[in-house]
Amino acid sequence: MNAAFTTGKELQKMDPVFGQLSFNDHEQIVFCNDKDTGLKAIIGIHNSVMGPALGGTRMYNYANEWEALNDVLRLSRGMTYKAAITGLNIGGGKAVIIGDAKTQKTPELMRKFGEFVHSLSGRYITAEDVGMETADMDTVRDVTPYVTGISESKGGSGNPSPVTAYGVYLGMKAAAKQQFGSDVLSGKKVLVQGIGHVGETLVDYLTKEGAIVTIADINEEKLYEVGSKYGATIFTGDDLYSADVDIYAPCAMGATINDATVHKIKAKVIAGAANNQLANENIHGAILQERGILYAPDFLINAGGIINVYAELAHYDKAEIMRKTENIYNTTLEIFAFAIANGITTHHAALTIAQNRIDQRKIENKK
């Protein structure tokens with residue numbers, strides 16, 4: 001008689017949500033479907049201890065629903081820690097819409113998505129992310145107040161991308177100070193992977209400081225446009241991860257630091273805007289540390305965007321937005337010091353400090 005063995009993938013399918021490693025104690029997952037508009041979306045609320053869950057909506061043409069679910073779970077968890085380590089009184093959430101933002105996004109689809117957001121009565125507040133524009137948030141605003149990042153003309157904080165890029169730039173300078181002894185980026189070779197709204201603005205900051213910038217992106221038209229605009233070199237090699245650069249800045253999709261790439265990286269600093277850059281936080285974080293590569297935790301240095309949209313909820317002005325974003329530099333250096341003092345990875349250090357703040361608030365909430 002042959003014994004029957006169940007594979008890990010089969011087990012995952014038996015428990016498609018709770019069985020996901022990325023589920024990580026989420027409070028609520030909402031699946032949204034509307035036949036008329038073609039909307040297929042997932043909203044993930046990871047943690048609301050610090051306040052209502054705030055996080056952007058990403059529209060992306062995922063290969064399948066498993067990929068979309070895993071992405072929203074990882075992203076919403078990241079938002080929890082991003083808010084906590086930045087000192088904001090909000091929880092972590094995220095939403096993904098399955099589809100091509102260029103061809104399938106319509107005002108009707110966005111309004112229907114807004115209705116689903118509204119049905120959660122403020123437990124989740126949405127904002128702009130990949131595949132979204134400020135105008136889309138304005139459309140969502142037509143049906144729900146639970147949205148941030150709306151146009152400045154409508155009383156909002158506008159596009160958060162420039163503030164996100166500024167925070168990443170400051171986090172990169174802090175990492176350079178830690179690794180090279182100076183935060184001056186002039187003359188440093190920086191590879192920026194992904195030149196969307198955030199990546200292009202980061203290229204602008206780096207170019208103005210005199211960094212030697214190389215850019216990579218799957219969109220060739222955008223690549224040559226940005227390359228020409230800023231005088232950046234376009235990457236033409238076979239493997240960008242083994243490029244001879246000082247700093248690698250992932251600014252596209254996540255998990256670019258994985259089993260296939262982590263041993264190739266020649267850069268001595270990794271500091272970028274992408275969320276969830278480490279495919280496996282523990283394994284790949286430890287390998288980077290062993291190889292002497294300094295990793296600036298993504299959810300810390302890319303927090304400028306959430307600081308920007310949170311201003312609409314906390315009612316603080318542009319000057320305060322910039323002050324809070326500038327503090328990313330100091331917090332990044334504090335994380336590095338904490339990691340060294342405790343013999344842990346920089347990612348683990350950032351998670352620990354963020355989790356401590358959440359745990360403290362949980363105790364206070366019970367009083």
Side-chain angles (χ1 to χ4, degrees), residues 45-57 75-76 78-95 114 117 120-129 132-138 140-141 144-171 173-174 197-198 201-202 205 273 275 297-335 350 353-354 356-358 360-361 364-365:
I45 298 174
H46 177 254
N47 189 291
S48 61
V49 170
M50 301 300 298
L54 172 63
T57 296
L75 288 166
S76 52
M79 292 305 295
T80 293
Y81 296 116
K82 185 182 299 192
I85 202 164
T86 313
L88 307 181
N89 293 319
I90 45 172
K94 206 80 174 185
V117 170
L120 293 169
S121 304
R123 274 183 55 74
Y124 169 66
I125 301 167
T126 196
E128 182 183 327
D129 203 305
M132 290 289 150
E133 305 289 343
T134 305
D136 298 317
M137 296 303 103
D138 290 345
V140 171
R141 179 70 181 194
T144 182
Y146 305 121
V147 54
T148 57
I150 58 175
S151 298
E152 292 183 60
S153 62
K154 294 180 181 291
S157 57
N159 182 3
S161 298
V163 186
T164 302
Y166 184 52
V168 172
Y169 169 65
L170 292 173
K173 286 176 74 66
H197 294 316
V198 176
T201 307
L202 179 61
Y205 278 117
N275 289 303
D298 48 42
F299 64 86
L300 166 60
I301 71 168
N302 70 11
I306 195 173
I307 291 170
N308 188 73
V309 296
Y310 180 66
E312 294 178 30
L313 305 178
H315 308 293
Y316 53 76
D317 61 14
K318 202 75 176 178
E320 183 63 8
I321 289 173
M322 299 314 288
R323 190 194 68 76
K324 286 181 181 295
T325 303
E326 284 165 1
N327 198 47
I328 287 174
Y329 179 95
N330 296 324
T331 307
T332 304
L333 288 176
E334 288 167 10
I335 292 298
I353 291 174
N356 288 345
R357 185 166 186 257
I358 294 167
Q360 183 59 40
R361 176 60 63 86
E364 292 169 4
N365 289 347

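In this chain, residues are counted from 1 in sequence order. Model, not experiment: these values are computed from the prediction.
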task: State whether the side chain of Thr144 and the backbone N or O of Tyr146 hold a donor-acceptor pair below 3.5 Å, judged by distance alone.
output: yes

- request: Check side-chain contact (heavy atoms from CB on, under 4.5 Å) between Ala314 and all other residues, then give those that pass, not counting sequence neighbours.
  value: Tyr310, Tyr316

message: Please report the interatomic distance OG1(Thr164) to CD(Glu128), rounded to the nearest 0.5 Å.
response: 9.0 Å

- line: Rounded to the nearest 0.5 Å, the CE atom of Met322 sits from the OH atom of Tyr166 at a distance of 5.0 Å

Non-neighbouring partners of Asp298 that pass side-chain hydrogen bond (donor to acceptor under 3.5 Å, both in side chains), sequence neighbours left out: Tyr295

Validation row: Phe299, Thr80 side chains within 4.5 angstrom (heavy atoms): no

- line: Closest non-hydrogen atoms of Arg357 and Met50, given as atom of the first, atom of the second and distance, are NH1-CE, 3.1 Å

query: To the nearest 0.5 Å, how far apart are CD1 in Ile306 and CE in Met79?
result: 3.0 Å

- prompt: Going from CD1 on Ile85 to CG on Asn356, what distance comes out if it is rounded to the nearest 0.5 angstrom?
  reply: 10.0 Å

- prompt: Can you name the closest pair of heavy atoms from Ala83 and Ile90 and give their distance?
  reply: CB-O, 3.5 Å

Donor-acceptor contact present, side-chain Arg141 to main-chain Pro145, <3.5 Å: yes

- prompt: Roughly how far apart are Leu54 CG and Leu88 CG, rounded to 0.5 Å?
  reply: 8.5 Å

field: Partner set under ring-ring contact (aromatic ring centres under 6.0 Å, His included) for Tyr169, not counting sequence neighbours
entry: Tyr205

field: Audit row: Val147, Val117, side chain to side chain contact (heavy atoms under 4.5 Å, CB included) steps and yes/no
entry: CA-CA 9 Å; Val147 54; Val117 170; over 6 Å; no

- prompt: Considering residues at least two apart in sequence or located in another chain, which fulfil the salt bridge (charged side-chain N to carboxylate O under 4.0 Å, His left out) criterion with Asp138?
  reply: none

field: From CA spacing to verdict: side chain to side chain contact (heavy atoms under 4.5 Å, CB included), Lys154, Met137
entry: CA-CA 11 Å; Lys154 294 180 181 291; Met137 296 303 103; over 6 Å; no

query: By side-chain hydrogen bond (donor to acceptor under 3.5 Å, both in side chains), which residues pair with Thr201, not counting sequence neighbours?
result: none

- request: Not counting sequence neighbours, which residues clear side-chain hydrogen bond (donor to acceptor under 3.5 Å, both in side chains) with Thr332? List them please.
  value: none

message: Test of understanding: with side-chain contact (heavy atoms from CB on, under 4.5 Å), list the residues that count as partners of Ala273, not counting sequence neighbours.
response: Val168, Val198, Cys251

query: Ignoring hydrogens and geometry, is there a side-chain-to-backbone donor-acceptor pair from Ser76 to Lys94 under 3.5 Å?
result: no

- prompt: Taking only residues two or more places apart in sequence or in another chain, which ones pass salt bridge (charged side-chain N to carboxylate O under 4.0 Å, His left out) with Glu152?
  reply: none

Partners meeting side-chain contact (heavy atoms from CB on, under 4.5 Å) with Thr57 (sequence neighbours left out): Ala95, Ile97, Phe113, Tyr124, Thr126, Met132

query: Who pairs with Ala127 by side-chain contact (heavy atoms from CB on, under 4.5 Å), at least two apart in sequence or on another chain?
result: Thr148, Val309

- prompt: Which pairs count as salt bridge (charged side-chain N to carboxylate O under 4.0 Å, His left out) when at least one residue sits in residues 303-321, sequence neighbours excluded?
  reply: Glu320-Arg323, Glu320-Lys324

- request: Please identify each residue that fulfils side-chain hydrogen bond (donor to acceptor under 3.5 Å, both in side chains) with Ser161, with sequence neighbours left out.
  value: Asn159

- prompt: Below 4.5 Å, heavy atoms only, C-beta onward: do Ile301 and Leu170 meet side chain to side chain?
  reply: no

query: Roughly how far, to the nearest 0.5 Å, is the CG atom of Leu120 from the CD1 atom of Ile45?
result: 5.0 Å

